[in-house]
Undergrad: 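What follows is a structure written as structure tokens; I'll ask about it next.
All ligand and atom numbering here is 1-based and tracks the order in the structure.
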Amino acid sequence: MANRLPVDLERAADGTLEVKPSPGGLVAALSPVLEQHRGCWVGWPGVVGEVPEPFRTDSGVLLHPVALSEDDYRDFYEGFSNATLWPLYHDLIATPTYDRSWWAAYREVNLRFAEAAAEVAAEGATVWVQDYQLQLVPGILRQLRPDVTVGFFLHIPFPSPDLFRQLPWREEVVRGLLGADLIGFHLAGCARNFLELTRQVAGRAGSHTGLPDTLEVSGDPSVREISAHVTAPDGRRVGVGAFPISIDLDSIAHPDPAEVEALRADLGHPDLLMLGVDRLDYTKGILQRLRAVEELLESGAMPQTRFTVLQVATPSRERIEHYRQARSEVEEAVGRINGRFGEPGRPVVEYLHRSVPKARLAVFYAAADIMLVTPFKDGMNLVAKEYVAAHPDGSGALVLSEFAGAAEELAEAHLCNPFDLDSIKRAIHQAAADLAYRPGEARARMLAMHRQVSEHDVDLWARSFLHCLEERR
Ligand code: GDG
């Protein structure tokens, strides 16, 4: 189960709901398992108010919608999930709001999701709960249905205990997570943060939280191996491990070279095409990368190279103040840079504030000489892996933030510190210089990263998590 069902529902003018499948990485990874075991996906279909009855997708997966009201959407989704947990778990890049009524909504909606899962799960079923919106579900589900095996996976970072301890409801969240049999993170570092936290929260809060004074923690989590346990308040041993998510390589299209050429022609045949693809989120560092580009132009550091930056910024969480601010800063920078350095018909930054069809995105990936992925903090970042998958011939170069989870696996990228403009500039400069003067080196880097992504795809991620969960029965 996940906050969202893998569909887009649209309300037609006559009020009826139309259902469209919305394929994504998680769907690709989980569909084969769900189909094989006649599984069910529980989630919110994306439209507030009334929801349709459970229905089957074309591939036979049962989708079980959970309803969210307008108030739930505001307080549970935009509020507690995305204006409290999101900034807290991304190391306070924005200041989290701690609002008691949002917390009440989070508990209430988590209860609703857990009840829906309890209703549809067969005797002894496996339930896999996805992500930060549903951290209380494992604990509630265990009470409702002690017979089911529960896995939980967090798609965003888990912060250090010193930051997490700000959360006024920290004990409840930890207790909710400990209802699972296995808790998965992308990185070993996040798993370690969680283990350290369980020690501290338990030690500090003691008996009034229902957590024992010391949670016994054993083992050391290492990437892709589950090897640590924490003993939950009810005496169960809960597995904690790192399972880095990846992509479905088959879903990355390799477009016709003519389409790629046509895009470059539309852009006026730049010497160097740089690409950014992000949800418009303040964690993604879009503004910083634009500033770095601006400084490169200002200083004339790359005088021989006429470059274009194509930035896709998909609209996201637009009613939240920090997101509005991020958008306005990005758009101001785009205007300023084009005003200062563009020519009529030849802007430096081509900016798309909308969602681009997957096939078009594939053309962008294939055409880009340098991919810019510069988040301040990111659980993994699938865009980086998708770009690498789009370059099986070793062409192109990746500029990647050290603070993206993907940096642990894609060590051959041009790594940068997004908090340091000079570091981003250096990485862009090196990537461009490699492509121009050391093509063999650039190719070797991309091929090494392509091998890593090919050998560690999303199917391996899902299988290894479910295998570890199965072993805990
Ligand atoms: C969270 C974590 C973690 C983007 N714009 C368009 C579009 N996309 C697709 C990309 C990619 C996905 O959205 C974005 O995934 P990311 O991983 O980069 O980032 P988040 O959305 O923040 O995801 C992250 C992830 O969960 C998985 O665990 O990696 O760290 O934050 O697949 O291609 N797709 C289309 N048009 C767009 O305009 N079609």
Undergrad: Pull out every atom of ligand 1 sitting under 4.0 Å from any heavy atom of Arg279, numbered as shown with elements.
TA: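 Every atom of ligand 1 under 4.0 Å from some heavy atom of Arg279: 20 (P), 21 (O), 22 (O).
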Undergrad: Donor-acceptor pair, Asp181 side chain versus Thr149 backbone, under 3.5 Å?
TA: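 Side chain of Asp181 to backbone of Thr149, a donor-acceptor pair under 3.5 Å: no, none is there.
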Undergrad: Identify whether the distance between the nearest side-chain nitrogen and carboxylate oxygen of Arg264 and Asp369 falls below 4.0 Å.
TA: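 Result for this pair is yes, salt bridge flagged.
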Undergrad: Any idea which atoms of ligand 1 are less than 4.0 Å away from a heavy-atom of Lys358?
TA: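 Those qualifying, in numeric order: 39 (N).
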Undergrad: If the condition is ring pair (Phe, Tyr, Trp, His ring centres under 6.0 Å), which residues does Phe194 pass it with, not counting sequence neighbours?
TA: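 Ring pair (Phe, Tyr, Trp, His ring centres under 6.0 Å) list for Phe194, sorted by chain: Phe158, Phe185.
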Undergrad: Show me which atoms of ligand 1 lie under 4.0 Å from any heavy atom of Glu386.
TA: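 Result: 10 (C), 11 (C), 32 (O), 33 (O).
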Undergrad: If you measure from the Lys or Arg side-chain nitrogens to the Asp or Glu carboxylate oxygens, is any gap between Arg327 and Glu331 under 4.0 Å?
TA: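 So Arg327 pairs with Glu331 through a salt bridge.
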Undergrad: What closest approach, in Å, do Ala191 and Val240 show between heavy atoms, and which atom pair accounts for it?
TA: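 That would be CB-CG1, 3.8 Å.
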Undergrad: My understanding is that only one of Val19, Val51, Leu63 makes a side chain to side chain contact (heavy atoms under 4.5 Å, CB included) with Leu5; could you say which?
TA: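 Passing option: Leu63.
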Undergrad: Within the distance-only criterion (no hydrogens, no angle test), does the side chain of Tyr387 pair as donor or acceptor with the backbone N or O of Ala368 below 3.5 angstrom?
TA: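 Yes; at least one donor-acceptor contact below 3.5 Å.
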Undergrad: Going by the ring pair (Phe, Tyr, Trp, His ring centres under 6.0 Å) test, name the single residue among Phe153, Trp461, Phe243 that passes it with His186.
TA: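 Checked Phe153, Trp461, Phe243 against His186; only one passes ring pair (Phe, Tyr, Trp, His ring centres under 6.0 Å): Phe153.
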Undergrad: Can you list the atoms of ligand 1 that are under 4.0 Å from a heavy atom of Gly379?
TA: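 Numbered from 1, ligand 1 contributes 30 (O).
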Undergrad: Among all protein non-hydrogen atoms, which one is nearest to atom 35 (C) of ligand 1, and what is the separation to 0.1 Å?
TA: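 Here the closest protein heavy atom is Val356 O, 3.2 Å.
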Undergrad: Which residue supplies the protein heavy atom nearest to atom 30 (O) of ligand 1, what is that atom called, and how far is it?
TA: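 Answer for atom 30 (O) of ligand 1: Asp378 OD1, 2.6 Å.
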Undergrad: Report yes or no: is the cationic atom of Arg317 (NZ for Lys, CZ for Arg) closer than 6.0 Å to the six-membered ring centre of Trp86, at no more than 45° off its axis?
TA: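 Checked: cation-pi criterion met.
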Undergrad: Please check if a non-hydrogen protein atom sits closer than 4.0 Å to atom 9 (C) of ligand 1.
TA: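 Under 4.0 Å from atom 9 (C) of ligand 1, zero protein heavy atoms found.
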Undergrad: Counting only heavy atoms closer than 4.0 Å, does ligand 1 sit against the backbone of Leu382, its side chain, both, or neither?
TA: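 The part of Leu382 near ligand 1 is both the backbone and the side chain.
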Undergrad: Provide, to 0.1 Å, the distance between atom 7 (C) of ligand 1 and the closest protein heavy atom, together with that atom's residue and name.
TA: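 Going by distance alone, atom 7 (C) of ligand 1 is nearest to Leu361 CD2, 3.8 Å.
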Undergrad: Only heavy atoms of Tyr365, strictly under 4.0 Å: list the atoms of ligand 1 that pass.
TA: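 Listed by number with element: 33 (O).
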Undergrad: Could you list the atoms of ligand 1 found under 4.0 angstrom from a heavy atom of Val383?
TA: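 Under 4.0 Å from Val383, ligand 1 has these atoms: 10 (C), 18 (O).
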Undergrad: Looking at non-hydrogen atoms alone, which of His155, Met380, Lys377 comes nearest to atom 2 (C) of ligand 1?
TA: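 The option holding the nearest heavy atom is His155.
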Undergrad: Is any side-chain heavy atom of Arg192 closer than 4.5 Å to one of Leu187?
TA: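 Side chain of Leu187 against side chain of Arg192, heavy atoms only: no contact under 4.5 Å found.
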Undergrad: Hey, is atom 12 (C) of ligand 1 under 4.0 Å from any protein heavy atom?
TA: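 Under 4.0 Å from atom 12 (C) of ligand 1, zero protein heavy atoms found.
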Undergrad: Do the charged groups of Lys385 and Glu409 touch, with an N to O distance under 4.0 Å?
TA: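 Judged by the 4.0 Å cut-off on N to carboxylate O distance, Lys385 and Glu409 do form a salt bridge.
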Undergrad: In the protein, what heavy atom is nearest to atom 5 (N) of ligand 1, and what distance, to one decimal place, separates them?
TA: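 In this structure, atom 5 (N) of ligand 1 has Thr314 OG1, 2.8 Å as its nearest protein heavy atom.
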Undergrad: Looking at atom 19 (O) of ligand 1, is any protein heavy atom nearer than 4.0 Å to it?
TA: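 Under 4.0 Å from atom 19 (O) of ligand 1, at least one protein heavy atom found.
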Undergrad: Any atoms of ligand 1 less than 4.0 Å from a non-hydrogen atom of Trp86? List them with their elements.
TA: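 Counting from 1, the qualifying ligand atoms are 31 (O).
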Undergrad: Should you measure from each heavy atom of His186, which atoms of ligand 1 turn up under 4.0 Å away?
TA: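 The list of qualifying atoms is 28 (O).
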Undergrad: Can you find a protein heavy atom closer to atom 33 (O) of ligand 1 than 4.0 Å?
TA: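 It does; a protein heavy atom is within 4.0 Å.
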Undergrad: Kindly identify the option in Thr283, Asn381, Asp281 whose heavy atom sits closest to atom 29 (O) of ligand 1.
TA: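 Shortest heavy-atom distance from atom 29 (O) of ligand 1: Asn381.
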Undergrad: I'd like to know if the side chain of Thr84 and the backbone of Thr97 have a donor-acceptor N/O pair within less than 3.5 Å.
TA: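 Side chain of Thr84 to backbone of Thr97: a pair is present.
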Undergrad: Has ligand 1 got any nitrogen or oxygen that is less than 3.5 angstrom from a nitrogen or oxygen of His90?
TA: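 His90 vs ligand 1: no N/O contact under 3.5 Å.
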